[in-house]
Participant: 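Can you read through this structure? Questions will come right after.
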Amino acid sequence: MADKIVIRFPDGAEKEFETGVSPLQIAEGINPQFAIRQLVAEVNGKLVDMNYHINQNSEIMFHSFNSEQGKEVYWHSSAHLMAQAVRQLFPEVKVTIGPSIENGFYYDFDREQSFTDEELLAIEERMHKLAKEKLPFLRQELSKKEAMAMFKKMNEPYKIELLEDIDDNEVISIYTLGDFVDLCRGPHLEHTGKIKAIKLLKTSGAYWRGDVSKKMLKRIYGITYPNKKDMKKYLLFLEEARKRDHRKLGKELDLFSFSDDIGQGLCLWHPNGAMVRSIIEDYWKKKHYAADYKIVYTPHIGKAELWQTSGHLDFYSESMYSAIEVDGSDFYLKPMNCPFHIEIYKSTKRSYRELPLKYSELGTVYRYEPSGALNGLKRVRGFTQDDAHIICTEEQLLEEVEKLLDFSMSMLQDFGFEEFRVKLATMPDKSVGDAKDWDKAIKSLQNALEKNNIKFEVDEGGGAFYGPKIDIHIKDSLNRLWQLTTIQFDFNLAERFKMEYIGADNQAHRPFMIHRALLGSIERFFGILIEHYAGNFPVWLAPVQVMVIPLSENYNHYAERKYTKLREQGIRVECDFRNEKVGYKIREAEMSKIPFMYIVGAREEDTNTIAVRRHGSGDLGTFTFDEALKVIRGEIQERT
RNA sequence: GCUGAAGUAGCUCAGAGGUAGAGCAACUGAUUCGUAAUCAGUAGGUCGGGGGUUCAACUCCCCCCUUCAGCCCCA
């Protein structure tokens, strides 16, 4: 072994060190302050502990809490800390696994009863205490056999089960944290002292290894930060998310509701919500006509034979409502619109000159979702997809996918979403069609993305049963990701339904089909919009755009004249004629999040003007009717 | 579907083995008002539903329904 090794830094600089030097030592050499902030090192692309020994020439990179990798290690170590605290307080509990997640970490424990809030607080307190002790995470490597013996002795059945799945020759690493030993690949923080702010958030049940047939474990979710400020920021975010919850705002703004008498997951659109929906739909239709789509309407139910042909009864039946028997035939509520659009296609002989044919429909579908999965408008059992099927030739496929990517993003931008994340989902376990077709389809989707310089991630096995897909996720105003658009390649239905077109060669050919929804489901999209805007819809979407507020009954007549004029101009306006003080009426209009309030009294009537108040920003001053109209029209135009 | 928690007036919530309470909303009356709550009065509930224990159940027990947090799944 050489005495000296060369370490290369991300900026290309190189420096010589003693063999066996640790990342921590290197970092301290750079700057002690810098070293304190670094949580984990990446040596030759592999994440390692800060006290790892580097024995050869290497490239090094450090990760602080600001990088994804740094956070991951930080939260993973926090999970270990929590497990240690739980083991100290509840020695009978068996430990399982505890990874980091997007926001924080969890650890699953095998325990008969759930953890109570008081217990959670006690665990949190113990974690604080253990963190202050600056316990080191000590890595130790051993053979699988040794590890098995060790966890058997410790009576940790879940660890043994995990070990059993590991290759016999692999080196197993364990980490010791005070009195707690855990099977873990690592890496970890140097010591628990780096964990400053700790909050255990909630408990829940979770199946061992996510398998419904396995034991239900007790999960504790938590989050930690290197400083109190970040924790405060995160807790504020949670608070803000709670405030924006579409279920809460849906009630407060009278947008929608559910009724026990109707059934789970079946929503009622109240006039305010229905107004927003109808604006979304009008906008959607206009965009679709402009993009050369044909709009169609189809029934809500169809015969069993139809769903047999489509493959839904074989591959999707557990998500379908059960059959309705009529005149000796079984009918099913539609979970998707595709077979109906295909039947429209097949209603006459098609020529290649007609292609691409784009059928679109705001089609209401019904899916039997597990009751525990239902969640406000975000997950319902009856919903309307902004669906379309593009039937085209193989040569047209690429261009159509490209157009769709563009179409989707331009539409989502109009709704105030600027940031996108794209995923390419491949063949799932349950699927139709052979692997070769799948490969070809995945390649063409990939081509479309690459050609348009769209960055994407691959979601292995995430495709629909009939084909691979591209999903577009948006980032909302709280930086949360939501999947809206799905562009699904489908080479199976055309086959199953024996779709054809006559080509230039006068021969019958099988067309290709793309199934897509841009907003996803109108219900879900609305829920996301409510939260994105915190209920403060931009003027173009606001169910009521203006509230005219007469100062007293003496000005009702003048107010009504303005109200009528606005209505004639196509503005969604209401007038508060009630016998209340102006402050009261303003308060109610503000709470209803109505963008504009036009207040009229003696001064306005005398000068034929209106006093304009904007929701959230207060009194804007006095305007003539035309001026006020110009302001509101401007906002509608801008979609702000 | 599974695990856990919850369900009291239209809404937000208090209470409790002896047959329910507040604020807001609603209704009535007075007030005619200048940028986020005028005053007074009235009405409103088989305490999610069903069964059981008890002299007595909103409260204790069982079943069901719904909601919430997750798991699983997903538009």
Side-chain angles (χ1 to χ4, degrees), chain A residues 106 108 111-117 201-221 245 247-248 251-252 254 257-265 316 318-319 335-336 363 365 367-387 462 464 469 471 482-486 488 515-528 549-556 578-592 597-604 611-622:
Chain A
Y106 67 78
D108 286 344
R111 186 195 194 209
E112 280 317 306
Q113 63 277 46
S114 295
F115 292 95
T116 64
D117 290 349
L201 297 164
K202 59 198 169 195
T203 60
S204 81
Y207 302 109
W208 169 236
R209 303 188 129 182
D211 185 339
V212 194
S213 65
K214 300 240 165 82
K215 189 164 185 187
M216 175 71 73
L217 306 168
K218 306 295 184 284
R219 176 173 295 182
I220 302 177
Y221 286 90
D245 190 313
R247 291 166 299 195
K248 183 173 176 283
K251 202 177 280 180
E252 285 170 7
D254 197 16
S257 70
F258 291 87
S259 158
D260 290 1
D261 294 334
I262 292 170
Q264 277 191 290
Y316 204 74
E318 59 187 35
S319 297
M336 293 185 195
V365 297
R367 296 185 185 174
Y368 177 76
E369 297 291 339
S371 62
L374 300 175
N375 179 271
L377 290 178
K378 296 225 183 110
R379 194 77 183 277
V380 288
R381 283 185 174 164
F383 59 99
T384 301
Q385 288 183 308
D386 68 315
D387 208 356
K469 58 176 185 170
D471 288 336
W482 303 102
Q483 189 215 309
L484 297 178
T485 297
T486 183
Q488 311 185 339
H515 170 122
R516 50 112 277 202
L518 304 182
L519 309 178
S521 119
I522 302 293
E523 284 75 5
R524 187 174 126 92
F525 183 68
F526 186 41
I528 291 164
I549 299 176
L551 218 55
S552 80
E553 281 172 2
N554 298 333
Y555 314 102
N556 278 1
R578 292 175 307 171
N579 178 12
E580 293 290 350
K581 292 173 87 165
V582 70
Y584 182 86
K585 293 183 185 181
I586 284 170
R587 180 183 150 81
E588 290 222 332
E590 286 283 355
M591 288 199 307
S592 307
M597 284 148 271
Y598 289 178
I599 294 137
V600 293
R603 288 206 295 268
E604 287 72 27
V612 177
R613 183 186 164 96
R614 184 75 169 84
H615 170 65
S617 31
D619 196 352
L620 299 186
T622 305

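Here is how names work: the chains are called A, B, and so on, in the same order as the sequence lines, proteins then strands, and each is numbered from 1. Every heavy atom of this structure was used, including side-chain atoms; hydrogens, water molecules and symmetry mates were not.
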Participant: Please identify which of these residues, A/E590, A/K585, A/R614, meets the side chain to side chain contact (heavy atoms under 4.5 Å, CB included) condition with A/M597.
Facilitator: A/E590
Participant: State which of B/G1, B/A36, B/A75 makes the closest approach to the side chain of A/M591.
Facilitator: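 For A/M591, the side-chain atoms sit closest to B/A36.
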Participant: When the P atoms of B/G44 and B/A57 are compared, how many Å lie between them, rounded to an integer?
Facilitator: 24 Å
Participant: Sticking with atom P, work out how far B/G18 lies from B/G23, rounded to a whole angstrom.
Facilitator: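 Approximately 24 Å lies between the P atom of B/G18 and that of B/G23.
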Participant: Applying a 4.0 Å non-hydrogen cut-off, can you work out what A/E604 is touching in the nucleic acid: base, sugar-phosphate, or nothing?
Facilitator: base
Participant: Could you work out the separation of B/G48 and B/C72 based on their C1' atoms and round it to a whole Å?
Facilitator: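 To the nearest whole Å, 27 Å.
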Participant: Can you measure A/D261 atom CG to B/G48 atom P for me and round it to whole angstrom units?
Facilitator: 16 Å
Participant: Please name all residues satisfying side chain to side chain contact (heavy atoms under 4.5 Å, CB included) with A/D619, sequence neighbours left out, ordered by chain then number.
Facilitator: none
Participant: Among B/C33, B/A37, B/U3, which is the nearest nucleotide to the side chain of A/R587?
Facilitator: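 Selected nucleotide: B/A37.
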Participant: Determine whether a donor-acceptor pair (one donor, one acceptor, N or O, separation below 3.5 Å) exists between the side chain of A/R524 and the base of B/A75.
Facilitator: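 Per atom types, no contact qualifies.
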Participant: Rounded to the Å, how far apart are A/Q385 CD and B/A75 C1'?
Facilitator: 6 Å
Participant: C1' atom, B/C61 versus B/A9: distance in rounded Å?
Facilitator: 28 Å
Participant: Could you tell me the separation between the NE2 atom of A/H615 and the C1' atom of B/U35, rounded to a whole number of Å?
Facilitator: 14 Å
Participant: Base, sugar-phosphate, or nothing for A/K248, non-hydrogen atoms under 4.0 angstrom?
Facilitator: nothing
Participant: Taking CG from A/N554 and C1' from B/G34, how many angstroms apart are they, rounded to a whole number?
Facilitator: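 Answer to the nearest Å: 13 Å.
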Participant: State which residues pass salt bridge (charged side-chain N to carboxylate O under 4.0 Å, His left out) with A/R516; sequence neighbours excluded, sorted by chain then number.
Facilitator: none
Participant: N/O contacts under 3.5 Å, protein versus nucleotides 65-72 of chain B?
Facilitator:
{"from": "B/U66", "atom 1": "OP1", "to": "A/Q264", "atom 2": "OE1", "distance (Å)": "3.1"}
{"from": "B/U66", "atom 1": "O2'", "to": "A/D260", "atom 2": "OD1", "distance (Å)": "3.2"}
{"from": "B/U67", "atom 1": "OP2", "to": "A/Q264", "atom 2": "NE2", "distance (Å)": "2.4"}
{"from": "B/C68", "atom 1": "OP1", "to": "A/R247", "atom 2": "NH1", "distance (Å)": "3.0"}
{"from": "B/A69", "atom 1": "OP1", "to": "A/R247", "atom 2": "NH2", "distance (Å)": "2.9"}
{"from": "B/A69", "atom 1": "OP2", "to": "A/R247", "atom 2": "NH1", "distance (Å)": "3.4"}
{"from": "B/A69", "atom 1": "OP2", "to": "A/N375", "atom 2": "ND2", "distance (Å)": "3.3"}
{"from": "B/G70", "atom 1": "OP1", "to": "A/K202", "atom 2": "NZ", "distance (Å)": "3.0"}
{"from": "B/G70", "atom 1": "O3'", "to": "A/Y221", "atom 2": "OH", "distance (Å)": "3.0"}
{"from": "B/G70", "atom 1": "O2'", "to": "A/S204", "atom 2": "OG", "distance (Å)": "2.4"}
{"from": "B/G70", "atom 1": "O2'", "to": "A/Y221", "atom 2": "OH", "distance (Å)": "3.3"}
{"from": "B/C71", "atom 1": "O4'", "to": "A/G205", "atom 2": "O", "distance (Å)": "3.4"}
{"from": "B/C71", "atom 1": "O2'", "to": "A/Y207", "atom 2": "N", "distance (Å)": "3.3"}
{"from": "B/C71", "atom 1": "N4", "to": "A/G372", "atom 2": "O", "distance (Å)": "3.4"}

Participant: Hey, is A/F525 stacking on B/A75? Ring centres under 5.5 Å, planes under 30°.
Facilitator: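 No; centroid distance or tilt outside limits.
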Participant: Under the rule for salt bridge (charged side-chain N to carboxylate O under 4.0 Å, His left out), what residues qualify as partners of A/K218, not counting sequence neighbours?
Facilitator: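 Per chain and number, A/K218 pairs via salt bridge (charged side-chain N to carboxylate O under 4.0 Å, His left out) with no residue.
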Participant: Using the closest heavy atom to pick a nucleotide of RNA chain B for each, name whichever of A/A602 or A/R578 lands nearer the 5' end.
Facilitator: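 The answer here is A/R578.
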Participant: A/Y316 has an atom OH; how far is it from atom P of B/A75, in whole Å?
Facilitator: 6 Å
Participant: For nucleotides B/U3 and B/C64, find the distance between their P atoms and express it as a whole number of Å.
Facilitator: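 That atom pair is separated by 11 Å.
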Participant: Think A/Y584 has a side-chain N or O under 4.0 angstrom from the OP1 or OP2 of B/A25?
Facilitator: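 Yes, A/Y584 has a side-chain N/O under 4.0 Å of OP1/OP2 on B/A25.
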Participant: With sequence neighbours excluded, what pairs up with A/Y316 under the side chain to side chain contact (heavy atoms under 4.5 Å, CB included) test?
Facilitator: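 For A/Y316, the residues satisfying side chain to side chain contact (heavy atoms under 4.5 Å, CB included) (neighbours in sequence not counted) are A/H312, A/S319, A/M320, A/P335, A/M336, A/R367, A/F465.
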Participant: Quick one: label A/V380 by what it contacts on the DNA or RNA (base, sugar-phosphate, nothing), any heavy atom closer than 4.0 Å.
Facilitator: base
Participant: Taking side chain to side chain contact (heavy atoms under 4.5 Å, CB included) as the test, write out the residues that go with A/S521, two or more places apart.
Facilitator: A/F383, A/E523, A/R524
Participant: Could you pick out which residue, A/Y555 or A/T485, lies toward the 5' side of RNA chain B when each is mapped onto its nearest nucleotide?
Facilitator: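 Mapping each residue to its closest nucleotide by heavy atoms, the 5'-most match is A/Y555.
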Participant: Could you pull out the closest heavy-atom pair between A/G520 and A/D386, with the gap in Å?
Facilitator: N-OD1, 3.0 Å
Participant: NA contact type, A/E523, heavy-atom cut-off 4.0 Å: base, sugar-phosphate, or nothing?
Facilitator: nothing
Participant: Give the dot-bracket string for RNA chain B, reading 5' to 3', where a pair is Watson-Crick or G-U wobble with both distances under 3.5 Å, ( ) marks pairs inside the strand, [ ] marks pairs crossing earlier ones, | marks a partner on another strand, and . marks unpaired.
Facilitator: ((((((((.[[[[.)..(..]]]].(((((.......))))).....[[[[[..)....]]]]])))))))....
Participant: With sequence neighbours excluded, what pairs up with A/D254 under the side-chain hydrogen bond (donor to acceptor under 3.5 Å, both in side chains) test?
Facilitator: A/H270
Participant: For the pair made of CG in A/D254 and P in B/A25, what is the distance, rounded to whole Å?
Facilitator: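 In whole Å, B/A25 P lies 16 Å from A/D254 CG.
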Participant: Can you tell me how far P in B/U59 sits from the matching atom in B/C63, rounded to whole Å?
Facilitator: 15 Å
Participant: Hey, is the side chain of A/E369 pairing donor to acceptor with the base of B/A75 inside 3.5 Å?
Facilitator: yes
Participant: Restricting to side chain to side chain contact (heavy atoms under 4.5 Å, CB included), what partner residues turn up for A/E553, sequence neighbours left out?
Facilitator: A/N556, A/N579
Participant: For B/A36 versus B/U42, give the span between their C1' atoms, rounded off to a whole number of Å.
Facilitator: 28 Å
Participant: Output the rounded distance in Å from NZ (A/K378) to P (B/C74).
Facilitator: 18 Å
Participant: Tell me the interatomic distance from A/K581, atom NZ, to B/G34, atom P, rounded to whole angstroms.
Facilitator: 7 Å
Participant: Looking at side-chain heavy atoms only, is the closest gap between A/I220 and A/T203 below 4.5 Å?
Facilitator: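 They are in side-chain contact.
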Participant: In whole Å, measure the gap between the P atoms of B/G7 and B/G49 for me.
Facilitator: 13 Å
Participant: Taking salt bridge (charged side-chain N to carboxylate O under 4.0 Å, His left out) as the definition, give me every residue that meets it alongside A/E580, ordered by chain and number, with sequence neighbours left out.
Facilitator: none
Participant: Among all residues two or more places apart in sequence or in another chain, which pass the salt bridge (charged side-chain N to carboxylate O under 4.0 Å, His left out) test with A/R381?
Facilitator: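 A/R381: no salt bridge (charged side-chain N to carboxylate O under 4.0 Å, His left out) contacts found.
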Participant: Is there any protein nitrogen or oxygen under 3.5 Å from a nitrogen or oxygen in nucleotides 9-14 of chain B, and what are the pairs?
Facilitator:
{"from": "B/U12", "atom 1": "OP1", "to": "A/K251", "atom 2": "NZ", "distance (Å)": "3.4"}

Participant: Do A/R247 and A/D245 sit within salt-bridge range, that is, some charged N less than 4.0 Å from a carboxylate O?
Facilitator: yes
Participant: Nearest heavy-atom pair of A/Y555 and A/V600: which atoms, and what distance?
Facilitator: CB-O, 4.0 Å
